[in-house]
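As the structure is a computational prediction, the values presented were derived from the model and not from experiment. Order of the sequence lines sets the chain letters (A, B, ...), proteins ahead of strands, with each chain counted from 1.
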Amino acid sequence: MIDIKDIIKPENLVFKKSKVLTDMEMHYCPGCSHGVVHNLIAEVIEDMDIQNSVIGVAPVGCSVLAYNYLHIDWHEAAHGRAPAVATAVKRLMPDKFVFTYQGDGDLAAIGTAETIHACNRGEDITIVFINNGIYGMTGGQMAPTTIEGMVASTCPAGRDLKRDGYPIKITEILATLPGTCYVTRQAVHTPGSVRKTKIALRKAFENQIAKKGTSIVEVVSTCNSGWRMTPVKANNWMVENMFPVYPLGDIKDE
Amino acid sequence: MRELKLMKGNEAIAEAAVRYGVDGYFGYPITPQSEVMETLMLMKPWETTGMVVLQAESEVASINMLYGGAGSGKRVMTSSSSPGVSLMQEGISYIAGAELPCVIVNVVRGGPGLGTIQPSQSDYFQAVKGGGHGDYKLIVLAPASVQEMADFIGLAFELAFKYRNPAMILSDGVIGQMMEKVEFDEYRKRWTEEELIKNNPWAATGKTPDRERNVITSLHLQAVDQEKLNHKLQAKYREIEKSEVRYETYMCDDAEYLIVAFGSSARISKKSVELARTKGIKVGLLRPITLFPFPYREIDAYSEQIKGILTVEMNAGQMVEDVRLAVSGKVKVEHFGRMGGMVSSPDEVEEALEQKIIGG
Ligand SMILES: Cc1ncc(C[n+]2csc(CCOP(=O)(O)OP(=O)(O)O)c2C)c(N)n1
């Protein structure tokens, strides 16, 4: 019989929780992408050794409590206004790392103006954009990114393009702005995609050192509760239905 | 050495901000206060004091920039006029809820709606009764001269940081646009990072190992916690009411009647007092300088001595409600005001005093 103590040894350590993550239990639903992305941001902050000099701007949405999970200084923002808050934080403390963390309703509906103008000014910030195609926090209403035919509580028969307009590809729009330097779309549904997203996040933070402009990492995400699907089914549904509308990969890298 | 200059009220705001060592100004153009940002852009303070000046995409953005700047422990301010300040209300509520200091200047114009670009005082309720959602108060200062436009920048920041509460300078198009001579203090240095952290240990400046992380938020999901915050806010407002009332009196010692007016209406009413005095009417002027906290007790102190109060405001009668509260029925209180951008003349006010208070 091997005793557990024989296994827990430094030389056997293959993975450990980032010290930037707090011990607080996350409130996210099982299968939700938010927790995975939080973890990646924590790892990037730890790897870059910037915990002392990073300020996160949390949105209003499911990730409103992001500040409970990462052991860094945080700033709340009103729904949609994180890029404006981050603009001032960065302008007034240009040596700090500043990022916003926003959902699709936050970034692409109520906060469209703040998002576009922060990017257009080329603010040296990182925008992490969780696109789950739905309003998670308020109970699954239609988002600006809800795809055609997708069911939400305010479009129970599916998104009707005539009535509701088209799913907005805000990331492509942001890539057209000279103020953005790095615009990419990733996902976190497989180990491989998680690794890629981490690399993208690292690059998006490193761009702040060179003051190259705004970096945006969109993460196409699942919302099991909002979509009314099991985690596995949600992942498959995302691959089949969301990826054709929101194809993964770098849109801009300068 | 104080320096003497001739300038507009709006320009004085800009000059005073740079001299006071303000860290950031964020704004969006709107008449009658666009000179504030224009003056700052000409002054280029980023080259001298290091102050950031940024034209935002909207007042929604500028107030949320203030939120970010204030949470960083910086001295940040914005200026706007009525429609713009309406847009800011959500952000102001967040700033009050997160207990952050900042300064907001409202150079009021006539409303409602797009209204006029002429002066008004019709945003009194919005400024002193809350304006945005939730139970909160702004510290509200009402300048009546270009000199006070300049002086109140420093005072507003001092009070804002003392109480960690947003402060508003409630001005109007008359004072914003008129030119007067104004004396300025010497330039003060902006806080260094060390000074800022020492003075504002709560600021989100990056979590150093020597302290817990700082989280700037107005969110308390548990109702008991949110009520706790509300109790704390209310206690702070009571403290402000106790300690920070500011007002000025003119010819009140022997007064049988009182005019209560703030801002440019007080300037006009001063002339009306002089006019009435030449007719033998014993009237004095009480000018609230702080609108929150309001000089309730100080006005009530005249209740025994006087026979009536006329409030003069460029609105349909807003501060009059607070004056009535102050004297709670002991003295007759009437309102006189022009609206929608019209400014009353000293004669009109004197006439109103005779008709509504003395004759009425
Ligand atoms: C001014 C304002 N309007 C509406 C809301 C309600 N609200 C809170 S979160 C939210 C939508 C969040 O959706 P999203 O940004 O996509 O983030 P998710 O919850 O899906 O992560 C809404 C509409 C609010 N808090 N403030």
Side-chain angles (χ1 to χ4, degrees), chain A residues 19-20 22 24 27 45 49-61 64-98 100 110-121 123 125 137, chain B residues 22-26 46 50-76 78 88-95 97-98 100 102 132-133 190 193 196 202-219 221:
Chain A
K19 70 173 168 62
V20 178
T22 65
M24 188 91 76
H27 71 282
I45 290 171
D49 195 17
I50 56 172
Q51 191 178 9
N52 289 356
S53 56
V54 66
I55 292 115
V57 183
V60 172
V64 66
L65 293 175
Y67 51 70
N68 283 340
Y69 309 131
L70 265 62
H71 211 63
I72 57 172
D73 277 4
W74 280 96
H75 208 303
E76 164 200 73
H79 194 23
R81 317 303 171 204
V85 172
T87 292
V89 173
K90 183 72 181 193
R91 293 255 180 167
L92 291 161
M93 298 189 288
D95 301 334
K96 306 285 158 102
F97 291 85
V98 181
T100 71
I110 196 167
T112 312
E114 285 73 19
T115 303
I116 287 186
H117 286 281
C119 289
N120 194 47
R121 288 187 300 263
E123 300 296 345
I125 58 172
M137 188 192 209
Chain B
V22 169
D23 296 299
Y25 172 95
F26 305 88
W46 51 91
M51 177 184 181
V52 169
V53 186
L54 185 65
Q55 178 167 342
E57 62 270 27
S58 69
E59 291 86 352
V60 176
S62 43
I63 195 66
N64 285 288
M65 289 173 183
L66 246 64
Y67 190 25
S72 310
K74 301 279 183 177
R75 294 190 180 111
V76 287
T78 186
M88 291 183 191
Q89 292 303 324
E90 182 199 30
I92 294 175
S93 170
Y94 273 70
I95 295 171
L100 296 180
C102 70
H133 58 285
R190 291 169 49 240
E193 185 164 346
L196 182 146
W202 44 265
T205 50
K207 190 217 148 319
T208 41
D210 55 333
R211 66 158 167 82
E212 268 308 298
R213 71 215 164 89
N214 286 337
V215 177
I216 304 296
T217 183
S218 63
L219 175 75
L221 278 177

Novice: Between A:Val98, A:Ile72, A:Ile50, who has the most heavy-atom pairs with chain B when the cutoff is under 4.5 Å?
Specialist: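 Among the listed options, the one with the most contacts to chain B is A:Ile72.
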Novice: Just by distance, do the side chain of B:Arg213 and the backbone of A:Leu70 share a donor-acceptor pair under 3.5 Å?
Specialist: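 Checked: pair present.
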Novice: Any non-hydrogen side-chain atom of B:Pro209 less than 4.5 Å from a side-chain atom of A:Gln51?
Specialist: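 In short, these two side chains do not touch, never coming nearer than 4.5 Å.
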Novice: Measure across A:Val89 and B:Ser72 and return the closest heavy-atom pair with its distance rounded to 0.1 Å.
Specialist: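 Answer, listing the atom of A:Val89 first, then B:Ser72: CG2-OG, 3.7 Å.
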Novice: Could you tell me whether a side-chain N or O of A:His75 sits under 3.5 Å from a main-chain N or O of B:Tyr67, the two making a donor and an acceptor?
Specialist: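 Checked: pair present.
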Novice: For A:Ala88 and B:Gly68, work out which heavy atoms get closest and say how close.
Specialist: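 Shortest heavy-atom contact: CB-C, 4.3 Å.
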Novice: What residue pairs, at least two apart or across chains, pass side chain to side chain donor-acceptor pair (under 3.5 Å) with a residue in residues 82-96 of chain A?
Specialist: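 Every side chain to side chain donor-acceptor pair (under 3.5 Å) pair that includes a residue of residues 82-96 of chain A, provided the two are not neighbours, is A:Thr87-A:Arg121, A:Lys90-A:Gln208, A:Arg91-A:Glu123, A:Lys96-B:Glu193.
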Novice: Considering only heavy atoms and a distance below 4.5 Å, find which of A:Val57, A:Val54, A:Asn68, A:Val64 pairs most often with chain B.
Specialist: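 Looking at each of A:Val57, A:Val54, A:Asn68, A:Val64 in turn, A:Asn68 comes out on top.
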Novice: With side-chain contact (heavy atoms from CB on, under 4.5 Å) as the test, pick out the partner of A:Tyr67 among B:Ile216, B:Asn214, B:Thr217.
Specialist: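 The residue from B:Ile216, B:Asn214, B:Thr217 that satisfies side-chain contact (heavy atoms from CB on, under 4.5 Å) with A:Tyr67 turns out to be B:Thr217.
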Novice: List the steps and the verdict of side-chain contact (heavy atoms from CB on, under 4.5 Å) for B:Glu57 and A:Asn120.
Specialist: CA-CA 11 Å; B:Glu57 62 270 27; A:Asn120 194 47; over 6 Å; no
Novice: So which of B:Thr205, B:Asp23, B:Leu221, B:Leu54 has the biggest tally of heavy-atom pairs under 4.5 Å with chain A?
Specialist: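 Most heavy-atom pairs within the cutoff with chain A belong to B:Thr205.
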Novice: Looking at every non-hydrogen atom in both residues, tell me the closest pair between A:Ala84 and B:Met65 and how far apart they are.
Specialist: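 Distance-wise, the nearest heavy atoms are O-CG, 3.3 Å.
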Novice: Side chain from CB out, backbone as N, CA, C, O: work out which of these in B:Val60 comes under 4.5 Å of a heavy atom of chain A, or both, or neither.
Specialist: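 Both parts, backbone and side chain.
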Novice: Would you mind checking which part of B:Val215 comes under 4.5 Å of any heavy atom in chain A, side chain (CB onward), backbone (N, CA, C, O), both or neither?
Specialist: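 Contact with chain A involves both backbone and side-chain atoms of B:Val215.
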Novice: What part of B:Ala70 gets closer than 4.5 Å to chain A, counting heavy atoms only: side chain, backbone, both or neither?
Specialist: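 Interface part for B:Ala70: neither.
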Novice: For residues B:Asn64 and A:Ala78, report the shortest heavy-atom separation together with the two atoms involved.
Specialist: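 Looking at all heavy atoms of both residues, the shortest contact is OD1-CB, 4.0 Å.
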Novice: Is chain A contacted by the side chain of B:Ser218, its backbone, both, or neither, given a heavy-atom distance below 4.5 Å?
Specialist: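 Both parts, backbone and side chain.
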Novice: Does any non-hydrogen side-chain atom of B:Arg211 lie less than 4.5 Å from one of A:Asp73?
Specialist: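 Counting from C-beta outward, A:Asp73 and B:Arg211 do come under 4.5 Å.
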Novice: Within the structure provided, determine whether A:Leu65 and B:Leu219 are in side-chain contact (heavy-atom separation under 4.5 Å).
Specialist: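 In contact.
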